[in-house]
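Let me begin by presenting the structure, written as structure tokens, before commenting on it.
What's counted below: heavy atoms across the whole structure, side chains too, no hydrogens, waters or symmetry copies.
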Amino acid sequence: MRKERQHVLRDLAEAKNRSFRERIAGHTLSAVTLHEPGTALTGNYLKVALAREREPNAIVGLRIGGVTRLGLASRG
């Protein structure tokens, strides 16, 4: 019974997180580029896959094009 509740809660959390990320698509967010090539982190800690590589530790405005499995994807 406990494992079932954990599974239901985990699924609910994943669905809510994905819904939140989908609502962000089309918006422009401020993010800091990471040392990990092709990634950035938004102010609310969402990981963004960059459309093109950028210099690490730069604050950039990113137009969000869509949702990835674990985060967001930028447009151009």
Side-chain angles (χ1 to χ4, degrees):
M1 186 132 164
R2 186 176 88 199
K3 286 190 179 196
E4 288 175 30
R5 276 195 315 264
Q6 287 175 339
H7 184 69
V8 168
L9 290 173
R10 187 174 30 252
D11 288 348
L12 178 62
E14 287 175 14
K16 287 182 151 297
N17 182 283
R18 182 168 184 86
S19 174
F20 172 71
R21 288 182 287 131
E22 287 172 346
R23 287 192 310 266
I24 293 173
H27 290 85
T28 300
L29 299 177
S30 179
V32 63
T33 55
L34 303 176
H35 284 283
E36 183 181 335
T39 58
L41 195 64
T42 68
N44 51 0
Y45 302 102
L46 294 172
K47 202 171 233 189
V48 180
L50 301 174
R52 62 183 171 85
E53 297 233 358
R54 298 178 187 233
E55 213 40 54
N57 293 324
I59 297 176
V60 294
L62 298 174
R63 181 91 171 149
I64 304 302
V67 175
T68 64
R69 190 175 145 267
L70 298 173
L72 302 168
S74 71
R75 273 190 217 166

- Go through the steps to decide whether Glu36 and Lys47 satisfy the test side chain to side chain contact (heavy atoms under 4.5 Å, CB included), and finish with yes or no. CA-CA 11 Å; Glu36 183 181 335; Lys47 202 171 233 189; 3.2 Å; yes
- Query: Checking side chain to side chain contact (heavy atoms under 4.5 Å, CB included) for the pair Ser30/Thr42: CA distance, chi angles, key distance, verdict?
  - Reply: CA-CA 6 Å; Ser30 179; Thr42 68; over 6 Å; no
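With salt bridges taken as basic N to acidic carboxylate O contacts below 4.0 Å, none links Glu14 and Arg18.
When Leu72, Ile64, Leu70 are each tested for a side chain to side chain contact (heavy atoms under 4.5 Å, CB included) with Arg21, only one passes: Leu72. Residue Phe20 is tested with Lys16, Arg23, Glu22 for a side chain to side chain contact (heavy atoms under 4.5 Å, CB included); the sole match is Arg23. Between His7 and the options Arg5, Glu4, Arg10, a side chain to side chain contact (heavy atoms under 4.5 Å, CB included) holds for only Arg10.
Within 6.0 Å of CG in Leu12 there are more than 12 heavy atoms belonging to other residues, nucleotides or ligands. More than 12 non-hydrogen atoms from other residues, nucleotides or ligands lie less than 6.0 angstrom from CD of Gln6.
The hydrophobic cluster around Leu34 extends to Val32, Leu41, Tyr45, counting ILVMFWY residues whose side-chain heavy atoms fall within less than 4.5 Å of a member.
The CD1 atom of Ile24 sits 12.0 Å away from the CG atom of Leu62 when rounded to the nearest 0.5 Å.
Of the possible donor and acceptor atoms, one in the side chain of Thr33 sits under 3.5 Å from a partner among the backbone N and O of Ala58.
Thr28 and Gly61 get closest at one heavy-atom pair: CG2-C, 4.2 Å. Smallest separation of non-hydrogen atoms from Ala51 and Ser74: N-OG, 2.8 Å.
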